[in-house]
Amino acid sequence: MRTAEFERRTGVNRRLLRYYEEQGLLSPGRTSGGYREYEESDVLKVRHIRNLLAAGLSTATIADLLPCMGKDGDDLIADCPELLLDLHRERARIQAAIHELETARTTLDAVIATAPPETERAARALLLP
DNA sequence: ATTCTCACA
DNA sequence: TGTGAGCA
């Protein structure tokens with residue numbers, strides 16, 4: 001299928017599709033006229049890409065990860081030891097980010113606790129409605 | 001009619 | 001990351 005249909009099937013616009021391609025996540029073939037030719041399996045592939053992206057993985061690690069997923073079926077890693085390393089590294093990165101955010105929140109809570117009661121109430125009034 | 005690449009008041 | 005120009 002070509003761009004227009006693929007765009008509909010995936011719900012992702014060409015601009016982004018081309019970006020994924022530049023990042024090595026997708027490699028559609030080309031017709032003699034130079035038009036991109038996508039495979040049926042690419043539709044599912046884009047779904048995977050979007051999920052992985054949402055999980056915080058970089059396009060680079062996703063590029064390495066994709067070939068390790070079932071060629072046809074859903075997403076389940078087969079046997080890619082080298083990849084598992086990157087995944088754990090990503091997990092550690094996320095865990096670290098969580099900690100940083102938690103300490104940032106703690107700091108803010110401390111500052112907020114400093115505000116006078118009436119100021120606190122005024123602030124909440126501005127926040128809720 | 002459609003897609004492609006490239007460039008940017 | 002959108003938009004238009006000039007092609008094939």
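A quick note: this is a predicted structure, and the numbers were derived from the prediction, not measured.
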Notebook entry, point to check: Atom CD of Glu5(A) and atom P of dT2(B): how far apart are they, to the nearest Å?
Noted result: 13 Å

Check: Can you tell me how far the CG atom of Leu65(A) sits from the CD1 atom of Ile49(A), to the nearest 0.5 Å?
Finding: 10.5 Å

Note to self: Does dT3(B) have OP1 or OP2 under 4.0 Å away from a side-chain N or O of Arg36(A)?
What the structure shows: no

Check: For dT2(B), does OP1 or OP2 lie under 4.0 Å from any side-chain N or O of Arg2(A)?
Finding: no

Notebook entry, point to check: Quick one: CZ on Arg30(A) to CZ on Arg2(A), what's the gap to the nearest 0.5 Å?
Noted result: 12.0 Å

Next item on the list: Nearest 0.5 Å please: distance from the OG1 atom of Thr61(A) over to the CZ atom of Arg89(A).
Entry: 7.0 Å

Check: Of the residues in residues 15-33 of chain A, which ones touch DNA chain B at a heavy-atom distance under 4.0 Å?
Finding: Arg18(A), Arg30(A)

Next item on the list: Could you tell me whether the side chain of Glu21(A) and the main chain of Leu26(A) form a donor-acceptor pair under 3.5 Å?
Entry: no

Notebook entry, point to check: Measuring from Asp64(A):CG to Leu57(A):CG, what's the distance to the nearest 0.5 Å?
Noted result: 10.5 Å

Note to self: As an exercise, state the distance from CD of Glu7(A) to CD of Glu5(A), rounded to the nearest 0.5 Å.
What the structure shows: 11.5 Å

Checklist line | Glu40(A) bridged to Arg9(A) by N-O distance under 4.0 Å | finding: yes

Next item on the list: For Asn13(A) and dG2(C), give me the distance from atom CG to atom C1', rounded to whole Å.
Entry: 10 Å

Next item on the list: Write down the distance between OH (Tyr35(A)) and P (dA8(C)), rounded to a whole number of angstrom.
Entry: 12 Å

Checklist line | From CG (Asn51(A)) to CD1 (Ile62(A)), nearest 0.5 Å | finding: 9.5 Å

Item checked: Phosphate OP1/OP2 of dC4(B) contacted by Thr3(A) side-chain N/O (<4.0 Å) -> yes

Note to self: Just to be sure I follow the notation: if a pair is Watson-Crick (purine N1 to pyrimidine N3 plus N6-O4 or O6-N4) or a G-U wobble (N1-O2 and O6-N3), each under 3.5 Å, what dot-bracket string does DNA chain C give, with | for pairs to another strand?
What the structure shows: .|||||.|

